[in-house]
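What follows is a short report on a single structure.
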Amino acid sequence: MTEKIKKQLNITNALFLVFLLIQLLPERYSKETYEINIIIFVVTIQVIYLIFSFITKKEKKLETIRDILGITYFIIIAWQLMTSKSGFLNELLFPAPGIVIQQFIHDLPRIIEGIQSSLLIILEGYVLAIITAIPLGLAAGWHIRFGNSFQYVSKFFGSIPPIVYIPYAIALLPAFRDASVFVIFAASFWPILGATMAGVFNIEKKILDSAKTLNVGRLSMLFHVMLPAALPEILMGCSQGLGISFILLTSAEMIGGKTGMGYYIKYYSDFGDFTRIVVGIIVLGIVVSVITLFFNKLQRYLLRWRQ
Amino acid sequence: MSKIELQNVTLNYAERNNVFTALEDISFSVKEGEFVSIIGASGCGKSSLLSLLEGLNFPTAGRVTINGDDIKGTGDDRAVVFQHYSLFPWMTTRANVVYGIKQVNKKLPKKDLGQIADDYLSKVGLSGFENKYPLQLSGGMQQRAAIARALAMSPSILLMDEPFGAVDAKNRKILQELLLELWENSEDKKTVIFVTHDIDEAILLSDRIIMMSANPGRIKKEISIPFPRPRNGSKLLESREYLNFRKEIITSFFNDISERIGGEEVAL
């Protein structure tokens, strides 16, 4: 027990105390800053963290969480000190954290709706790209092994920034949703196709020989041998495609959308509502991080056979 | 009739503008149930020779037949154990064996597949490792699993391409004994072609040794092994007959190596 208490002597907890101390400083912004929101937020996660640190046995995980919290506290402290606690930054451009939370809670239903709409569009375009690019890449990669020029075609199309497809997408598919799905599809298709072909191309010849001597059938060769053998590279392509998809969809929503977080940010920027812009930026950051985290978990699970 | 027969086999590889002759005028035959080792320094074409039997390669001239029929490709009458990468790293040990059996017998129910796989894995001493992935096993254990898969596919011919070449000396001895025991005690004796560069390994395991010389790969000599079966590795190695016999073979081996300046590694 004393060991556990000793371990609480760390920077994260020190930063928590600093945070509490600076709450004693007076507010310098003229408008209400809802300071209480950020205090409740920080105290709540600190309590959860303390409880977790006393019951968990996973030292490594705790360490990671502690470091992330420390960085979060540091950012919040800096944010408060630069804004409402000093009045150093412009009040209209840089809202205090408390008011951002207040706005977030107020807009929550709209935000959830926006995220949902964005994610469904991405899911649709992305899944479409995966189920077409991977089989095609496996087949094409197989032929490249015997010398073919298809990889140059893929490299050419892959090198075009996918945002240039938007005019065509809009002309051919007037509904914003359909056009967005198409652009996401076009953006993720090429990296996944290229990675799949490269993955197949790089399969150890001995693995294929071993499969051949087992008299593996054509389909089984494709899906039980080549697909898993190329999977490490395929997943790299998928991760690249996912990253591009978010960038593209947010841009598309800002240009021509009526839904999604990109639209939310663009809409309020027209009114100079910087509190909501900050809300939108933070929400987008959290959503993309969480999805990347899930993707990495899935990737680690699928490749658990590697050392 | 002989099980396997090679008649005046030549194998050329095209290498840019050159033609490289890997095998030249190779003829020999192997009886059903015979254990034959092919031995020679690296680069003598012994693995190329095996690839013809695997059905991964085809002779430029001559014939390679099994039961009198020309080999047209890979087939489920043969199973192969390579030095590396016999197993698929993304399948567990059991899944690897099951996948092998499935290719031979598509109709077996799932339960039976698992049962047969576990039986063969226990035969090679891998009980308790069924759910491990190959990369979690040592090199020796990987080769045990590869042997289990090959045997579980119940082929009539077993082709082994330096299967213990990458295993450390101590484990190599253990694996040789294991293979010897499995082969000598099986009811239907499989025909085995075993490629190696280890003379002791070849003498211990084989009925006959085919010695090859390099550039181009040719058969230098065929030697029948006179020692009775069942054999015991450690006892055999100590006997006077063995030492004399081994000496004789090594002398002919050295002749070949000294003919080629900078002879390759051969475990003597």
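Computation of the quantities below employed the complete heavy-atom set of this structure, encompassing side-chain atoms and omitting hydrogens, waters and symmetry-equivalent molecules. If you're wondering where the values come from, they're calculated on a predicted model, not measured in any experiment. In what follows, every chain begins at residue 1, and chains take the letters A, B, ... in the order their sequences are listed.
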Testing the 3.5 Å rule here: is there a donor-acceptor pair between the side chains of B:S156 and B:D77? no
Would you mind checking which part of B:L159 comes under 4.5 Å of any heavy atom in chain A, side chain (CB onward), backbone (N, CA, C, O), both or neither? neither
So which residue, B:Y133, B:Y85, B:W90, ends up with the most heavy-atom pairs under 4.5 Å with chain A? B:W90
Closer than 4.0 angstrom, basic N to acidic O: yes or no for B:R63 and B:E5? no
For each of B:M91, B:K132, B:M153, B:R149, tally heavy-atom pairs with chain A at distances under 4.5 Å, and name the one with the top tally. B:R149
Any chance the side chains of A:Q8 and A:S53 put a donor and an acceptor closer than 3.5 Å? yes
Relative to chain A, which of B:S51, B:G55, B:P89 shows the most heavy atom pairs under 4.5 Å? B:P89
Sidechain N-carboxylate O distance under 4.0 Å for B:D198, B:R172: yes
